[in-house]
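First up is the structure itself, then whatever we jot down about it.
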Amino acid sequence: MDTFITGKIDVKHVSIYYGKFRAVKDVTISIPDHKITALIGPSGCGKSTLLRSLNRMNDLIPSSHIEGSITFHGMDIYERSVDPVEVRRHIGMVFQKPNPFPRSIYENVAWGARINGFQQRLGHPSLDEWVEICLIKAALWDEVKDKLRSSGLSLSGGQQQRLCIARAIATRPEVILMDEPASALDPIATLRIEELMRELAAEFTIVVVTHNMQQAARVSDYTAFLTMDHDRSGILVEHGNTPQIFTNPVDSRTEGYITGRFG
Amino acid sequence: MGENHAPVFIANLVSRNRSERIWKNLLQISTLIGIIFLIVLLLNIINQSFGYVAIGYRVPPAKLVGPGQTLENLDIPQLAGILRQRVSPGLLKQLENDTPLEQFSQVNLVNLVMAKIAKPEVVKTWSFWQSLSMREEIKQEVGQLPETRLVFFSWVRPDLVSNSQSSNPLIAGVRTALLGSLWIILIAIMVAFPLGVGTAIYLEEYAGDNHISKVIRTNINNLAGVPSIIYGMLGLAVFVRNLAQLTSGAWLGFSSPETANGRTIVSAGLTLALLVLPLIIINAREAIKSVPDTLRQASYGIGATRWQTIWHHVLPNSIPGILTGTILAISRALGESAPLVVIGASTYITVDPANVFSRFTALPIQIYQWTSRPQAEFRNLAAGAILVLLTLLLSINAAAIVLRNRYKRY
């Protein structure tokens with residue numbers, strides 16, 4: 001765990017509560033820059049909660065609160081003066097179920113850019129070009145270039161998820177959080193998303209929550225294993241290089257989970 | 001387990017099919033009864049709106065003109081002559097105040113002769129059904145009456161909409177009431193729509209799930225069930241009496257002796273706005289609630305502010321539901337008469353409302369007033385006015401539905 005001095009995002013002694021229930025207990029983890037970090041663990045271990053705390057999406061649940069600190073560029077994102085909207089502009093999110101806006105494919109990508117103050121400047125791409133760039137980066141351009149004006153909901157599930165990724169990168173974030181991005185997709189669409197994640201890692205820092213251990217092993221550089229403590233709150237068991245976690249885990253619980261003895 | 005399940009299976013199927021059939025029939029019957037009531041209602045109104053009318057004259061037009069002539073093909077000097085001969089000198093002086101009769105248009109003169117000399121009056125009316133089934137009897141009966149003409153009359157006619165109130169049912173119309181209703185609806189919706197939708201947005205998107213907001217939500221639901229006359233009392237106390245300075249228009253210099261109190265269109269509009277506010281809030285809340293949370297998360301997830309999320313995603317996706325609520329609100333407000341009676345709608349005015357600080361009457365009040373008259377012909381008139389009200393209601397709703405469908409883009 002100490003192999004990373006400072007990461008893009010540093011989570012220190014974070015506990016997250018829903019009302020009185022503690023969903024995540026004392027997690028300390030560093031998210032390294034330009035790498036893919038996978039959060040794995042059994043259902044209910046708080047990995048999604050932890051992920052959503054990284055860009056303050058948990059703020060939307062009224063009963064939740066957090067202890068500890070999460071720093072981004074050395075600044076605590078939960079400090080009173082920090083606007084969660086600003087945090088989310090730098091740390092974007094892709095959800096489990098593809099959720100494109102019920103608008104045109106073009107608008108899905110352009111809206112995020114527009115509300116983030118996209119302005120046409122000399123030597124920079126126009127909005128149309130920017131939409132094209134984002135769709136190319138999300139490996140969707142070839143499939144949709146002739147129907148940019150049709151509804152985002154008319155696409156297949158895998159295409160919708162890639163549209164959501166294009167939408168997320170259109171706001172130029174530094175970090176993209178992905179909450180089980182392929183769990184609602186078929187194997188072929190899943191494979192495409194995984195390939196896409198590898199390509200995006202060159203430009204973005206990615207944190208991905210997944211149920212699918214093979215997926216974590218295939219795509220991630222680092223893996224964090226979380227599990228449920230005896231009081232049902234999530235704890236971080238082990239965090240390290242993905243090959244090391246999968247071939248030579250330190251903790252017996254990690255080994256048990258990976259070899260399929262529980263979870 | 002080699003038992004034969006078939007007999008049990010078939011027996012179960014039979015009883016299941018039977019109960020299924022019974023329920024289906026019961027539900028069909030209840031639907032049918034509802035439809036029958038609606039049809040009877042509509043037939044009843046139509047039955048009253050058309051039919052034979054026996055019109056008697058103080059002086060029959062035939063006596064005014066020579067044999068083989070009608071009033072319509074007389075020329076201006078002839079018509080003016082008839083008027084000079086038959087009308088009292090005082091009235092004549094009044095008529096010729098600006099211009100001599102000879103410079104009136106021919107149509108004007110014919111109308112004058114009819115109104116001032118011939119004076120048509122309804123002697124008797126028959127319903128549509130009677131007119132069809134007892135044609136000969138009616139003709140015979142009218143034939144025995146002196147100076148009486150039988151015409152097949154449609155009480156719903158352009159004149160009904162364009163004429164103002166009159167004590168003569170043949171020329172009475174609903175123009176004043178129609179304009180009053182339109183003004184009132186306009187004010188009510190302009191006040192209630194933004195207030196209601198704003199409240200709904202606040203309650204659903206901003207207010208947390210605490211005790212105070214729960215109390216507010218419950219009470220708004222209860223307000224929707226409060227009898228409308230209570231709103232009338234509220235409007236009377238607040239808008240007509242306490243805020244008379246504002247609602248009479250005195251502060252803008254609109255005050256005239258007859259509108260020197262708060263019994264104005266603006267008071268009525270505000271009262272009905274209060275009445276429909278809970279309806280709009282409840283429907284808008286349901287519509288906003290039905291916008292999936294994943295959509296809000298998608299928007300927040302790419303760094304949208306709360307207001308951007310509401311304005312660009314929540315509202316456009318809930319507009320169909322919000323407009324449905326607005327349709328209900330308009331229909332309710334258009335049909336209300338009790339609160340308007342309480343705040344003092346006029347029952348007999350012939351002057352069009354000039355502005356929102358005018359005295360007013362409304363369609364339901366006009367209809368009520370006509371149905372409560374003893375003469376049968378006013379009930380025919382009321383039936384015609386009901387058709388006007390229904391048409392107005394349906395066209396406003398149709399407009400809202402068109403608007404709603406336009407928002408359902410994807």
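The structure displayed is predicted, hence computed values, not measured ones. Just so we're on the same page: letters track the sequence lines, and every chain starts at 1.
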Item to complete: Give the intermediate values and the outcome of side-chain contact (heavy atoms from CB on, under 4.5 Å) for residues A:Glu107 and B:His312.
Response: CA-CA 11 Å; A:Glu107 267 305 307; B:His312 291 277; over 6 Å; no
Using a 6.0 Å cut-off, check whether atom [atom1] of [X] has over 12 heavy atoms from anything other than its own residue.
{"X": "B:Tyr206", "atom1": "OH", "answer": "yes"}
{"X": "B:Leu32", "atom1": "CG", "answer": "yes"}
{"X": "B:Glu20", "atom1": "CD", "answer": "no"}
{"X": "B:Met233", "atom1": "CE", "answer": "no"}

Worksheet, complete the sentence: Residues at least two apart in sequence or cross-chain that pass salt bridge (charged side-chain N to carboxylate O under 4.0 Å, His left out) with A:Glu180, listed by chain then number, are none
Item to complete: Could you list the residues that satisfy salt bridge (charged side-chain N to carboxylate O under 4.0 Å, His left out) with A:Glu203, not counting sequence neighbours?
Response: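 Here the qualifying residues are A:Lys137.
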Discussion item. What part of A:Ile115 gets within 4.5 angstrom of chain B, counting heavy atoms only: side chain, backbone, both, or neither?
Written reply: both
Discussion item. Can you tell me how the ring of A:Phe101 sits relative to the ring of B:His313, calling it parallel under 30°, perpendicular over 60° and tilted otherwise?
Written reply: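 Judged by the thresholds at 30° and 60°, the geometry between A:Phe101 and B:His313 is parallel.
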Worksheet item: Could you name the residues of residues 83-94 of chain A that have a heavy atom within less than 4.5 Å of a heavy atom in chain B?
Response: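 Listed by number: A:Val85, A:Arg88, A:Arg89, A:Ile91, A:Gly92, A:Met93.
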Fill in: Between A:Arg56, A:Gln96, A:Arg52, A:Lys97, the one whose heavy-atom pairs under 4.5 Å with chain B are most numerous
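If we count pairs closer than 4.5 Å to chain B, A:Arg52 comes out on top.
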Worksheet item: Going by residue number, which parts of residues 278-306 of chain B are within reach of chain A, meaning a heavy-atom gap below 4.5 Å?
Response: B:Thr294, B:Leu295, B:Gln297, B:Ala298, B:Ser299, B:Tyr300, B:Gly301, B:Ile302, B:Gly303, B:Ala304, B:Thr305
